[in-house]
Structure formats: C-alpha cells, structure tokens
Amino acid sequence: MASTFATFAALHHPDAGAPLLLPNAWDHASAAALAAQGFVAIGTTSLGVAAAAGLRDGSAATRDASLALALALGQGPFLLSVDAEGGFSDDPAEVAEVARELAAVGAVGINLEDGRADGTLAPVELHAAKITAVKAAVPGLFVNARTDTHWLAGAGAGAGGGGGAGGSGLALGRETIRRLDAYQLACADGVFVPGLSDPARIAALVRAIDVPLNILYSPKGPTLPALAELGVRRVSLGSLLYRRALGAALETAALIRAGLPVEAAAPTYDEVQALVPSDGSDRPGPDIDRPGPDPDRPGATPSEGASW
C-alpha cells in the first residue's frame with residue numbers, strides 16, 4: 001500500500017500537466033464539503049483558523065487551534081496539508097515538534113512561511129534551519145517553503161534583504177531566488193511565492209528552481225489553465241474561500257434586513273448534517289488509500305501524539 005506521503009508528493013508532478021489545485025479549509029464542515037466535491041487534497045488557511053478563534057493571523061498564536069483542526073481532519077478521506085505559519089516558533093527544534101504532532105494525526109504536508117507579523121522577513125538561515133529540522137524529524141512530510149518577498153512588497157513593506165521585502169522588481173526577484181535557493185538546499189519539497197501574479201516573472205521563477213512552484217490564486221491573476229502553461233505545479237486558494245463565505249453571510253444578512261429576496265444557493269440543513277455521519281463512519285469524499293501506521297512516519301500514534 002503506497003504511503004500517503006508519496007501520494008501527496010506525486011500530486012505535484014502530474015503526468016497530465018495540470019497543477020494541484022489545493023483549496024483551503026478552516027473547519028471540519030468546510031473540509032468535508034470540499035472533499036465531497038472530489039478534492040483529494042485539502043489545505044488549511046491560517047487566516048480562517050485564526051479568525052474563527054478570535055486570534056490574529058501570522059502572530060504564532062494559533063498553534064493549539066491548528067493542531068486541534070489537524071486532529072479533526074487528519075483521518076478524513078483526503079490528504080491534509082497544514083498552514084503552520086512560521087512553525088509557531090523561532091526554535092527549529094520546536095518547529096520540528098509541531099511537524100511530528102501534525103504527522104502523528106495524519107497530515108502529509110506543512111506550509112512554513114518566512115514572513116513575520118511585523119512585516120519583515122525572517123533571516124534566510126533561520127528559516128532554512130526550520131526546514132532542515134522538519135525534514136530530519138519527519139522525512140516524508142511534504143514541506144512547502146513559503147517566502148513572503150512578494151506578499152510583503154504588495155503590502156508596502158520596506159526594502160532590505162535581511163528584513164523587509166520591498167525594492168525594485170529586479171532586486172525583489174533576486175531576493176526571492178536567493179531565499180528559494182536556500183530553502184531548496186535545506187531539502188524543501190516545494191516552494192510557495194504568494195503575491196506573485198505576473199506571468200513573465202512566474203515563468204522565470206519556474207525556470208530558476210528545481211522543485212515544484214506553488215502560486216496563490218488571485219481572481220485578478222492568471223487562470224488555472226494559464227498557470228499550468230507557465231509550469232506552476234500547485235495552486236493554493238489560501239483564505240479566499242473563507243473570505244468569500246464570510247462575504248456571502250454578510251450579503252445574505254444585508255438582503256434580509258433590506259427586505260429583499262435571498263436567491264443565492266446554499267446547502268440545506270440536512271446536507272450540512274450529512275457532512276458528519278452520526279455513526280462515525282467514513283465521511284463523504286474521494287476514496288483515499290490511507291494505510292495504517294506508517295513505518296516511514298516518525299512520531300507517536302494519534303492518541304500518543306496529541307498534546308493539545
């Protein structure tokens with residue numbers, strides 16, 4: 001029986017050329033609903049998890065909430081990748097422990113970002129050390145190493161290779177490649193550059209790296225087929241689904257308050273109830289070949305590893 005680690009990694013190297021489209025869930029219902037629509041792999045969104053818990057995203061405050069969500073989703077009928085911000089610590093050993101706990105409950109991937117809540121970037125060496133520590137602790141876990149060079153530049157961060165992420169397009173591109181090179185050398189399985197949407201720059205980056213490139217989908221950016229043509233291997237939806245769900249709730253409430261009809265479709269009460277079978281049986285979704293205890297997966301069993 002093939003390891004789920006290998007199954008997830010293979011999705012980043014599709015024969016047909018289509019990139020992995022990774023929708024991001026924020027709770028059990030959103031993940032189960034996506035699985036029921038045929039998505040074989042699902043990520044979590046740190047913004048959705050943080051906002052649902054009344055916490056700020058990117059502040060390393062959602063460790064427990066993220067681990068609890070992974071515990072709830074890790075044995076679902078889909079492959080789970082967890083957005084762990086920067087690993088919730090600047091101590092590589094502590095980040096490695098987070099990775100062990102995630103793998104113990106069924107996660108097959110982890111997203112680690114170098115952006116910080118204060119709008120700066122972590123030192124390259126520190127982020128690379130986190131990646132190395134995670135791969136040493138759980139070799140099969142797919143580490144998606146994220147650099148926020150473009151993301152923070154889009155937010156107006158200041159320039160500077162050691163901290164900020166601004167500067168000219170050429171300097172920004174060089175800093176991005178410098179960081180991705182270091183993360184590849186640290187054994188990252190893939191790299192993620194949110195905020196990058198220019199087709200020419202995406203294509204150039206694909207040519208410059210040796211691991212799969214992950215791009216954050218933007219409604220104003222290239223379409224999924226266009227990203228595939230550029231060589232992108234993974235497309236994440238990030239917080240988009242969470243924000244659209246929140247927007248739909250606000251729009252519905254406003255329509256009702258204004259005495260206007262609500263015409264947008266929504267799942268029925270029974271359909272939502274069906275996302276959580278009362279007998280605890282398999283949840284709706286694609287059939288994932290999920291083996292029992294994996295000899296390649298270090299760490300405790302779910303009951304032993306859950307410390308939250």
Side-chain angles (χ1 to χ4, degrees), residues 7-26 30-31 33-48 57 78-83 109 111 113 115 142 144-155 165 169 172-173 176-177 180 188-251 263-267 285-286:
T7 301
F8 184 64
L11 294 176
H12 297 75
H13 302 276
D15 294 334
L20 167 64
L21 177 61
L22 191 75
N24 299 79
W26 56 93
S30 56
L34 289 165
Q37 290 297 309
F39 288 97
V40 298
I42 296 172
T44 63
T45 161
S46 63
L47 175 64
D57 183 30
F78 49 84
L79 300 165
L80 177 67
S81 181
V82 175
D83 184 345
N111 197 77
E113 63 196 50
F142 190 102
N144 198 40
R146 165 175 161 170
T147 185
D148 281 345
T149 48
H150 285 265
W151 184 256
L152 295 179
L172 186 61
T176 300
I177 291 176
L180 297 186
D189 300 284
V191 292
F192 184 21
V193 188
L196 177 60
S197 59
D198 179 75
R201 292 184 178 182
I202 292 174
L205 195 54
V206 168
R207 293 191 296 269
I209 60 177
D210 299 319
V211 296
L213 175 64
N214 183 186
I215 291 294
L216 180 68
Y217 173 80
S218 169
K220 297 181 179 180
T223 63
L224 186 63
L227 290 171
E229 288 288 331
L230 294 171
V232 173
R233 302 269 40 96
R234 170 166 155 177
V235 178
S236 298
L237 299 187
S239 64
L240 178 61
L241 300 183
Y242 176 77
R243 291 183 287 110
R244 284 187 65 86
L246 188 59
L250 294 172
E251 180 182 12
E263 298 177 348

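Just so you know, residue 1 is the first one in the sequence shown, and it goes up from there.
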What residues form a salt bridge (Lys or Arg N to Asp or Glu O under 4.0 Å) with Asp57, not counting sequence neighbours?
none
State, yes or no, whether a side-chain contact exists between Leu224 and Val232 at a heavy-atom distance under 4.5 Å.
no
Applying side-chain contact (heavy atoms from CB on, under 4.5 Å) to Trp26 and Leu47, what does each step give before you reach the verdict?
CA-CA 8 Å; Trp26 56 93; Leu47 175 64; over 6 Å; no
Is there a side-chain contact between Glu113 and Trp151, using heavy atoms and a 4.5 Å cut-off?
no
Non-hydrogen atoms of Gly115 and Leu152 that approach each other most closely:
CA-CD1, 4.4 Å
What distance separates Thr149 OG1 from Leu172 CG, expressed to the nearest 0.5 Å?
5.0 Å
Tyr217 OH to Leu227 CG distance, which is reported to the nearest 0.5 Å
9.0 Å
Output all residues satisfying side-chain hydrogen bond (donor to acceptor under 3.5 Å, both in side chains) with Ser197, sequence neighbours left out; order by chain, then residue number.
none
Rounded distance [0.5 Å steps], CG in Asn24 versus CG in Leu241
7.0 Å
Closest heavy-atom contact between Ile177 and Ala208?
CD1-CB, 4.0 Å
Test item: side-chain donor near acceptor, Asp83 and Ser46, under 3.5 Å:
yes
Would you say the side chain of Val191 lies within less than 4.5 Å of the side chain of Leu213, judging by non-hydrogen atoms?
yes
Between the CG atom in Asp189 and the CG atom in Asn144, the distance rounded to the nearest 0.5 Å is 8.5 Å
Closest heavy-atom pair, Ala25 versus Ile42, reported as atoms and distance to 0.1 Å, is CB-CG2, 3.9 Å
So do the side chains of Leu11 and Val40 get within less than 4.5 Å of each other, counting heavy atoms only?
yes
How close do Val211 and Gly190 get, counting heavy atoms only, and between which atoms?
CG2-CA, 3.9 Å
Between Ala31 and Phe78, what is the shortest heavy-atom contact and its length?
CB-CZ, 3.9 Å
Output, in order, the C-alpha distance, side-chain angles, deciding distance and verdict of side-chain contact (heavy atoms from CB on, under 4.5 Å) for Val206 and Leu230.
CA-CA 8 Å; Val206 168; Leu230 294 171; 5.5 Å; no
Measuring only between side-chain heavy atoms, which start at C-beta, is Leu180 closer than 4.5 Å to Val193?
yes
Ignoring hydrogens, what is the shortest heavy-atom contact between Ser81 and Phe8? Give both atom names and the distance.
CB-CZ, 3.9 Å
Pairs involving residues 226-239, ordered by first then second residue, that meet side-chain hydrogen bond (donor to acceptor under 3.5 Å, both in side chains) (sequence neighbours left out)
His12-Arg234, Asn214-Arg234, Asn214-Ser236, Ser239-Arg243
How long is the straight-line distance from CG of Leu216 back to CG of Leu22, given to the nearest 0.5 Å?
11.0 Å
Straight-line distance of Thr45 OG1 to Asn111 CG, nearest 0.5 Å
10.5 Å
